[in-house]
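Just so we're on the same page: letters track the sequence lines, and every chain starts at 1.
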Protein chains: 4
Amino acid sequence: MEKVLEKVENRPGRPRCLDARRAILEATWEILGGAGGFADLTMEGIAERAGVGKTTVYRWWPNKASVAAEAFFTRIEPKVRFPDTGSLREDIRLQMKELCKVLTSRNGRVLRALLGGGQSDPELIEAFRSQWMEPRRVKGREILSKAVRSGEMRPDIDLDLALDALYGPIYLRFHVKHLPLDDLFVDQLCDSVFEGLLAKTSARPRSRAH
Amino acid sequence: MEKVLEKVENRPGRPRCLDARRAILEATWEILGGAGGFADLTMEGIAERAGVGKTTVYRWWPNKASVAAEAFFTRIEPKVRFPDTGSLREDIRLQMKELCKVLTSRNGRVLRALLGGGQSDPELIEAFRSQWMEPRRVKGREILSKAVRSGEMRPDIDLDLALDALYGPIYLRFHVKHLPLDDLFVDQLCDSVFEGLLAKTSARPRSRAH
Amino acid sequence: MEKVLEKVENRPGRPRCLDARRAILEATWEILGGAGGFADLTMEGIAERAGVGKTTVYRWWPNKASVAAEAFFTRIEPKVRFPDTGSLREDIRLQMKELCKVLTSRNGRVLRALLGGGQSDPELIEAFRSQWMEPRRVKGREILSKAVRSGEMRPDIDLDLALDALYGPIYLRFHVKHLPLDDLFVDQLCDSVFEGLLAKTSARPRSRAH
Amino acid sequence: MEKVLEKVENRPGRPRCLDARRAILEATWEILGGAGGFADLTMEGIAERAGVGKTTVYRWWPNKASVAAEAFFTRIEPKVRFPDTGSLREDIRLQMKELCKVLTSRNGRVLRALLGGGQSDPELIEAFRSQWMEPRRVKGREILSKAVRSGEMRPDIDLDLALDALYGPIYLRFHVKHLPLDDLFVDQLCDSVFEGLLAKTSARPRSRAH
DNA sequence: GGATAATCGAGACGGTACGTCAAGTCTTCTT
DNA sequence: AAGAAGACTTGACGTACCGTCTCGATTATCC
């Protein structure tokens, strides 16, 4: 077999073996997708499944949370993209459905495990935020701010708060209630949050498109 | 020391020692509140701190998640109650602030740890739902349904979805973003979700009281 | 089922239940005969198999060694008897074969286990000596002393030493070497010890009857 | 402290630490010599006293019997040697006294414990036979066969049977009867077994040297 | 080309906690 | 009072991983 070695700069010594790195992330991914999730993930297990010495794992990651985070986010990140339909509600709704599809898939299990581990591991939750949530937030804020400028959205609401209001219920269902995240749910959620829970006092005509 | 023994019915055998039970839950509670949270909780540690044999712990609880759940929920449950001001928005807002106070306190740490453990332990998450969330939900649904009847709230929204919309953002902040949960946040959150995110197209006068 | 109760004297309280005693000894016997021997014998196991409370076992025997000893010796003792042929060598030889038959049987396993346990339990080894070995010794000494009086055996040898010389090799084979104890072995052993190992210097006619 | 590591062949991995091995055997030896003998020997105790992880003990020995056996036999084996006086009876008698001295000493306790454990542990008794008894037997057979050739001993007796006859009584006393093993006993034993128990029919003068 | 340096695999090391088992004691109700 | 039931403390069992370490082997750069 051909070993792939890294060639970074002109440092002396044997360069890092990229095969090992890949094998470790691959093994981690597979274990995370298994029945036990993050609880079944052990450094020893990773090393063995990757056919690698334990030292090699520890050399590059300080703990299993880091490996898990990297294994997950390098693989899953590109999958969720924002559309751009011109309508705030449509953009958000489509992206929500996309997100829910990911959360419902096998990857959702891994993500759940990761988020669970994060409750007692600050680094892991930080990785979760910075590598998973923040990239989406950037795009989300962009869409919302465009909607504010176009007059579609109220200008007096903090954008992050608005995103929390939209996505919070999804995470609540996903993380705590473990309920299905289907299209109907997304539609109803969008409607409720965009329009508000209160009855309209005036007989203003509401135009809810579904 | 005086040992307190249970006297249930006329069963043969030595009755269960209530001191042991109490000591175990107490010890668990203290460990959970410590620096490491759920990660520092070990069955051995519980037994030692409670001055109890490990077997005694295992006799009554199958794993540390169960002990943790019982330790937490028997202690914290009564603390969060709903007010009844007559106004939907006020009731919810006050209760939300109450909830946020709990989540912000030392107990919040325990709860966070518990929910974390629940991601890889179905029984624990079930305990979380049934013993922590559901009792609150019952009262919440009651308030909302009253508001629907009085015309304050839109009748076309599923009550549980509405509660998800209201409380989801709190959990998102609490579990994922680890951001402060202060009164200002609650006020803004209530406003956004009750009124909706969209701009009102007509020049209808909005009466937001803050 | 009819419970058999003891009626010793006019002592107050419930009399001892003889069924329990018998069941305990029976259970002990069965466990001792199993694959693990003395190592598989536990007070808990005895109580359970006998359908008896642990307390009842502890009330009458201080430890499992005592139970084992009583279970074994009350059952096996009557089996070994000395014949009386009139000839010292014949009596001993026949009894030896009888003994070897017992040691070779399933009971031998129990006995081996018991003696093993006795190495770290003074009470057990004492029970072994007083209840198993000594009764035989009494009879053995009798036979030997008769043989001394009749001139068949040398009068200058301590009787116990003689018995050690005769039976020691059997125990050595049984306990240490775990070799078969067949009739041929007994015949050769008797011959060697009775006649001595040394060559006869004079041309004295030897009359070895086999 | 300087750690001594083994250098066997070109095997991969960290070489075995000889210090640990030595410390384990040393600790085992000390515990075996203590008040409780084999009964006080626990894997945990060995590890703790040796300043070693429990895993390290289990890595090299499957159970405490194995550790005990190795601890004992590597230390005690060289102590018992056969003399070579030219006379069969003298050689045996001196060696017997040597053996009895060992059995009587502190080491005797360990050996007794080992032999006891062996009754329910085939591997242990096998170790006892192959590492303790057989080396002596080899030399014993040699002496006896020389005695047969020189005409001092009867040629019609199996050598192993003869050795059983000579040493069996010692083990009987040591293992079962727990009686003292002094020089007088050895002298009388030798006399009885070499000369035989039977009275001499002819008036042949016996020359017993004591 | 030989020294130096970093990486790799393998696996032993001292530890911690696991979940189980049995020991022997204690407390209750029943007979 | 004896017996059953069963909860209690204690302590060892054997296993799984932890994170660290010490090897020989490999693969580069630098002199």
Self-check item: From D/L41 atom CG to D/T28 atom OG1, the distance as rounded to the nearest 0.5 Å
Solution: 5.5 Å
Quiz prompt | Candidate nucleotides F/dC21, F/dG3, E/dG9, ranked by approach to the side chain of C/R59 - the nearest | solution = F/dG3
Quiz item: Are D/W60 and E/dC13 close enough that a side-chain N or O sits under 4.0 Å from OP1 or OP2?
Solution: yes
Quiz item: Roughly, in whole Å, what's the span from CZ in A/R49 to P in F/dC17?
Solution: 13 Å
Quiz prompt | Among B/R49, B/R75, B/R21, salt bridge (charged side-chain N to carboxylate O under 4.0 Å, His left out) partner for B/E26 | solution = B/R75
Quiz item: What one-letter contact string describes nucleotides 16-23 of chain E from 5' to 3', where B marks a base within less than 4.0 Å of any protein heavy atom, S marks contact via sugar-phosphate atoms alone, and - marks no contact?
Solution: -BBBBBBS
Quiz item: From C/M43 CE over to C/T55 OG1, what is the distance, rounded to the nearest 0.5 angstrom?
Solution: 10.5 Å
Quiz item: Starting at CG of D/D19 and ending at C1' of E/dA12, how long is that distance when rounded to a whole Å?
Solution: 13 Å
Quiz item: Side-chain donor or acceptor of A/R14 under 3.5 Å from a matching atom on the base of E/dT7?
Solution: yes
Quiz prompt | Distance in angstrom units between C/R21 CZ and F/dA2 P, rounded | solution = 16 Å
Exercise. Can you measure from CZ (A/R109) to CG (A/L111) and round to the nearest 0.5 angstrom?
Key: 12.5 Å
Quiz item: Separation of C/E48 atom CD from E/dG24 atom P, in whole Å?
Solution: 17 Å
Quiz item: Would you write out the dot-bracket form of DNA chain E, 5' to 3', with Watson-Crick and G-U pairs under 3.5 Å, [ ] for crossing pairs, | for pairs to other strands and . for unpaired bases?
Solution: |||||||||||||||||||||||||||||||
Practice problem: Keeping the roles fixed (side chain from C/N63, backbone from C/S66), state whether a donor-acceptor pair exists under 3.5 Å. | Solution: yes
Quiz item: Roughly, in whole Å, what's the span from CH2 in A/W61 to P in F/dG19?
Solution: 15 Å
Quiz item: Around atom CD of C/E48, are there more than 12 heavy atoms of other residues, nucleotides or ligands at under 6.0 Å?
Solution: no
Self-check item: Rounded distance (Å) that lies between atom C1' of E/dC8 and atom CD1 of A/I24
Solution: 11 Å
Quiz item: If each of B/G51 and C/G51 is mapped to the nucleotide of DNA chain F with the nearest heavy atom, which maps nearer the 5' terminus, i.e. the 5' end?
Solution: C/G51
Practice problem: Starting from C1' on F/dA4, measure out to CD1 on C/I46 and report it in whole angstrom. | Solution: 17 Å
Self-check item: Below 4.0 Å: OP1/OP2 of E/dG14 and any side-chain N or O of D/T56
Solution: yes
Self-check item: CD1-CH2 distance between A/I46 and A/W61, expressed to the nearest 0.5 angstrom
Solution: 8.5 Å
Self-check item: Qualifying salt bridge (Lys or Arg N to Asp or Glu O under 4.0 Å) pairs, either residue in residues 52-62 of chain B, two or more places apart
Solution: B/E44-B/K54
Exercise. Give me the ring orientation class for C/W132 and C/F73: parallel if the planes are under 30° apart, tilted from 30 to 60°, perpendicular past 60°.
Key: tilted
